[in-house]
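One structure, as structure tokens, below. Some questions next.
Each ligand, and each atom within it, is numbered from 1 in the order the structure gives. Everything quoted here is computed from the prediction, not taken from an experiment.
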Amino acid sequence: MYAQMVETGLKKVRTEEDMSLDEAAFQARIDAGIKIEPKDWMPEAYRKTLIRQISQHAHSEIVGQLPEGNWVTRAPTLQRKSVLLAKIQDEAGHGLYLYSAAETLGVSRDELLQALHAGKAKYSSIFNYPTLSWADMGAIGWLVDGSAIINQIPLCRCSYGPYARAMVRVCKEESFHARQGYDIMMALARGTPEQKAMAQDALNRWWWPSLMMFGPSDAESVNSAQSTAWRIKLFSNDELRQRMVDQTVPQAEYLGLTIPDPDLKWNEERGSYDFGEIDWSEFHNVLKGNGPCNRERLRTRVKAYEDGEWFRDALVAHADKQAARKAAA
Ligand code: FAQ
């Protein structure tokens, strides 16, 4: 079945000649822009790729609550506190839609969580960095949610129906998140010299990790070619990263802040910014579990899961009781 493959960069993509009749029909539906739904036939590798990506995405949303959760009790005003709280609750909601979307592929939420808690499943590298000041709430909303939107808008048109539909609502909420982050940055940038310095420091620390969120360069992205053929990915990691830089530089200029990249330069010919080399050794180190907060994040998630066991048990007991009552009626 996997006899003939075509090399595309680092990744092997299945050609028409390799495909069974079912697989060729499946690929033709994807090429025609028809959504794949849970009960449709799909190649095992497509199912596995989606489970991998959607569950990593769900884990990112859930673990992603932790860096901001750190500042709920220290938000400077009641309004900032309620906005931040609402945003963090939205992230929990995103995790839940995404776990539900993954479950439509025949995997249970418990299995997915076990993989996360055992350190086997990935979540976004960005959430392994500490939040040292209130300005980090601004930088996360502006840069991290901003990057998430750029990555996720195309996913609203991806080939798998439940994932694409979940993304529509997620993207709407992410837009509010990015806006609230920029609003914090604006208040700080227009504040006292100390506040502006705090905003600059947050930008300095979050800029490069935000660029890393888009994943390895196209030349090193092992999953891109096949995911693109299956329309799980509509744009490459580098294309989306470039979009983020082009969109964000003018926003930084408006704030009067400096992007921490001496090589950043407008390229007249390309009509976009050239930017400096990303430190990929830092990215790989974070992925290996050695970022500044990896261990703390995982420990916190495992503890929250264990502490919530009584509540999950109560829900199941209640559901069982309801089902028994219905059956007896
Ligand atoms: N962190 O071959 P590729 C958010 C892994 S949500 C960790 O390019 P692919 C909202 C990748 O999994 C943020 N691992 O892989 C929020 C693969 O390893 P594997 C999450 C990364 O799948 C805001 C290996 O490297 N968003 O922020 C990362 O084609 C604020 C090779 O990479 C999504 O998950 C990374 N940054 O492309 C919440 C969006 N990058 O799995 C709270 C959906 C790569 O083979 C507060 N996901 N890796 O072992 C995607 O679009 C893709 O999965 C990519 C990676 C682009 C992340």
For ligand 1, which part of Glu91 has a heavy atom less than 4.0 Å away: the side chain, the backbone, both, or neither?
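Within the 4.0 Å criterion, Glu91 contacts ligand 1 through side-chain atoms alone.
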
Contacting atoms of ligand 1, where contact means under 4.0 angstrom from a heavy atom of Glu174:
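Matching atoms, with element in brackets: 10 (C).
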
Indicate, as side chain, backbone, both or neither, the part of His59 found under 4.0 angstrom from ligand 1 when only non-hydrogen atoms are considered.
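No part of His59 is near ligand 1 at this cut-off.
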
Atom 54 (C) of ligand 1 touched by protein (heavy atom, under 4.0 Å)
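No; the ligand atom in question lacks any protein heavy-atom contact below 4.0 Å.
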
Residue and atom name of the nearest protein heavy atom (relative to atom 57 (C) of ligand 1), distance in Å to one decimal
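Of every protein heavy atom, Met213 O, 4.2 Å lies nearest to atom 57 (C) of ligand 1.
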
Pairing donors with acceptors under 3.5 angstrom, does anything connect the side chains of Ser272 and Arg243?
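There is no such pair between these side chains.
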
Classify the side-chain pair Asp279/Ser281 by whether it contains a donor and acceptor separated by less than 3.5 Å.
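Result is yes, a qualifying pair exists.
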
Do side-chain atoms of Asp145 reach the backbone of Trp142 as a donor and acceptor pair under 3.5 angstrom?
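No, Asp145 side chain to Trp142 backbone: no donor-acceptor pair under 3.5 Å.
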
Give the residue and atom name of whichever protein heavy atom lies nearest to atom 6 (S) of ligand 1, and the separation in Å to one decimal.
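Checking every protein heavy atom, the shortest distance to atom 6 (S) of ligand 1 gives Gln152 NE2, 3.6 Å.
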
Of the listed options Ala92, Cys158, Pro209, Gly215, closest to atom 40 (N) of ligand 1 (non-hydrogen atoms)
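Heavy atom nearest to atom 40 (N) of ligand 1 belongs to Gly215.
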
Ring-face cation contact, Tyr123 with Arg301, 6.0 Å cut, 45° max
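Not flagged: Arg301 not positioned over aromatic ring of Tyr123.
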
For atom 50 (C) of ligand 1, grab the closest protein heavy atom and report residue, atom and distance to one decimal in Å.
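It is Gln53 NE2, 3.5 Å.
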
Mind checking whether Trp280 and Phe283 have parallel, tilted or perpendicular rings, split at 30° and 60°?
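The arrangement is perpendicular - the two ring planes meet at more than 60°.
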
Which ligand 1 atoms, with their elements, are less than 4.0 angstrom from a heavy-atom of Asp145?
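With Asp145 as reference, the close atoms of ligand 1 come out as 23 (C), 30 (C).
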
Answer yes if the side chains of Ser217 and Asp238 hold a donor-acceptor pair under 3.5 Å, and no otherwise.
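Distance-only check fails for Ser217 and Asp238.
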
Which residue and non-hydrogen atom of the protein lie closest to atom 24 (C) of ligand 1, and at what distance in Å?
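Residue, atom and distance for the closest contact: Asn223 ND2, 4.4 Å.
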
So, is Phe214 polar-close to ligand 1, with some N/O to N/O distance under 3.5 Å?
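So ligand 1 has no N or O lying under 3.5 Å from an N or O of Phe214.
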
Which ligand 1 atoms are under 4.0 Å away from a heavy-atom of Lys87?
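Counting atoms of ligand 1 from 1, those under 4.0 Å from Lys87 are 30 (C), 46 (C).
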
Does ligand 1 have any atom that is closer than 4.0 Å to a heavy atom of His177?
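Contact check His177 vs ligand 1: negative.
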
Determine whether the side chain, the backbone, both or neither of His94 has a heavy atom under 4.0 Å from any heavy atom of ligand 1.
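Under 4.0 Å from ligand 1, His94 contributes no heavy atoms.
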
Numbered atoms and elements of ligand 1 in range of Gly64, under 4.0 angstrom, heavy atoms
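With Gly64 as reference, the close atoms of ligand 1 come out as 42 (C), 46 (C).
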
Please state which part of Ile126 comes within less than 4.0 Å of ligand 1, counting heavy atoms only: side chain, backbone, both or neither.
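The answer is neither; Ile126 stays 4.0 Å or more away.
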
Distance alone, cut at 3.5 Å: any donor-acceptor contact between the side chains of Thr104 and Tyr163?
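Short answer, no.
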
Donor-acceptor under 3.5 Å (Glu111 side chain, Ser108 main chain)
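Present.
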
For Pro216, the ligand 1 atoms whose distance to one of its heavy atoms is below 4.0 Å
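Under 4.0 Å from Pro216, ligand 1 has these atoms: 8 (O), 31 (C), 32 (O), 44 (C).
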
Part of Tyr163 within contact of ligand 1 (heavy atoms, under 4.0 Å)
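Tyr163 to ligand 1: side-chain contact only, backbone stays beyond 4.0 Å.
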
Which of the ligand 1 atoms, numbered from 1, are nearer than 4.0 Å to a heavy atom of Asn237
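Listed by number with element: 8 (O), 56 (C).
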
For ligand 1, which atoms, with element, lie under 4.0 Å from some heavy atom of Ser60?
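The list of qualifying atoms is 13 (C), 20 (C).
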
Say whether, by atom type as modelled, one donor and one acceptor occur between the side chain of Arg241 and the main chain of Leu211 under 3.5 angstrom.
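Yes, Arg241 side chain to Leu211 backbone: donor-acceptor pair under 3.5 Å.
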
Below 4.0 Å from any atom of ligand 1, is there a heavy atom belonging to Glu220?
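The answer is no: ligand 1 sits nowhere under 4.0 Å from a heavy atom of Glu220.
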
Using a 4.0 Å heavy-atom cut-off, which part of Val286 comes near ligand 1: side chain, backbone, both, or neither?
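Within the 4.0 Å criterion, Val286 makes no contact with ligand 1.
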
Counting non-hydrogen protein atoms only, what is the nearest one to atom 12 (O) of ligand 1? Give residue, atom name and distance.
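Going by distance alone, atom 12 (O) of ligand 1 is nearest to Gln56 OE1, 2.9 Å.
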
For ligand 1, note which part of Lys233 has a heavy atom under 4.0 Å away: side chain, backbone, both or neither.
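The side chain, only.
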
Pairwise distance CD1(Ile51) to CD(Glu103) - rounded to 0.5 angstrom:
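Those atoms lie 10.5 Å apart.
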
Out of Met167, Lys122, Arg52, who gets a non-hydrogen atom closest to atom 49 (O) of ligand 1?
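The option holding the nearest heavy atom is Lys122.
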
Heavy atom of the protein closest to atom 39 (C) of ligand 1 (residue, atom name, distance):
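Of the protein heavy atoms, Asn151 OD1, 3.1 Å lies nearest.
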
For a quick check under 3.5 Å, do Gln27 and Asp31 share a side-chain donor-acceptor pair by atom type?
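Side chains of Gln27 and Asp31: pair found under 3.5 Å.
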
Should the ring pair Tyr46 and Phe26 be called parallel, tilted or perpendicular, given that the plane angle runs from 0 to 90° and is split at 30 and 60?
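Perpendicular: the ring planes of Tyr46 and Phe26 meet at over 60°.
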
Could you verify whether a donor N or O on one side chain and an acceptor N or O on the other, from Lys233 and Thr228, lie under 3.5 Å apart?
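No, Thr228 and Lys233 have no side-chain donor paired with an acceptor closer than 3.5 Å.
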
Phe283 and ligand 1 - part of the residue with a heavy-atom distance under 4.0 Å
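Phe283 to ligand 1: side-chain contact only, backbone stays beyond 4.0 Å.
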
Just how far is it from atom CG of Leu50 to atom CE of Met42, taken to the nearest 0.5 Å?
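Output value for this atom pair is 7.5 Å.
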
Looking only at protein heavy atoms, which one is nearest to atom 35 (C) of ligand 1, and how far off is it?
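Checking every protein heavy atom, the shortest distance to atom 35 (C) of ligand 1 gives Ser125 OG, 3.6 Å.
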
Pair Arg205, Tyr129: side-chain N/O donor-acceptor within cut-off below 3.5 Å:
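Side chains of Arg205 and Tyr129: no pair found under 3.5 Å.
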
Test of understanding: given a 4.0 Å heavy-atom threshold, classify the contact between Tyr123 and ligand 1 as side chain, backbone, both, or neither.
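Looking at Tyr123 and ligand 1, just backbone atoms fall under 4.0 Å.
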
Asp218 side chain vs Asn237 backbone, donor-acceptor pair below 3.5 Å:
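A pair under 3.5 Å: yes.
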
Would you check if there is a donor-acceptor pair between the side chains of His177 and Glu174 at a distance under 3.5 Å?
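Their side chains do contain a donor-acceptor pair, which is all the 3.5 Å distance test asks for.
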
Taking atom 4 (C) of ligand 1 as the reference point, the nearest protein heavy atom with its distance:
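Atom 4 (C) of ligand 1 sits closest to the protein heavy atom Ala148 CB, 3.7 Å.
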
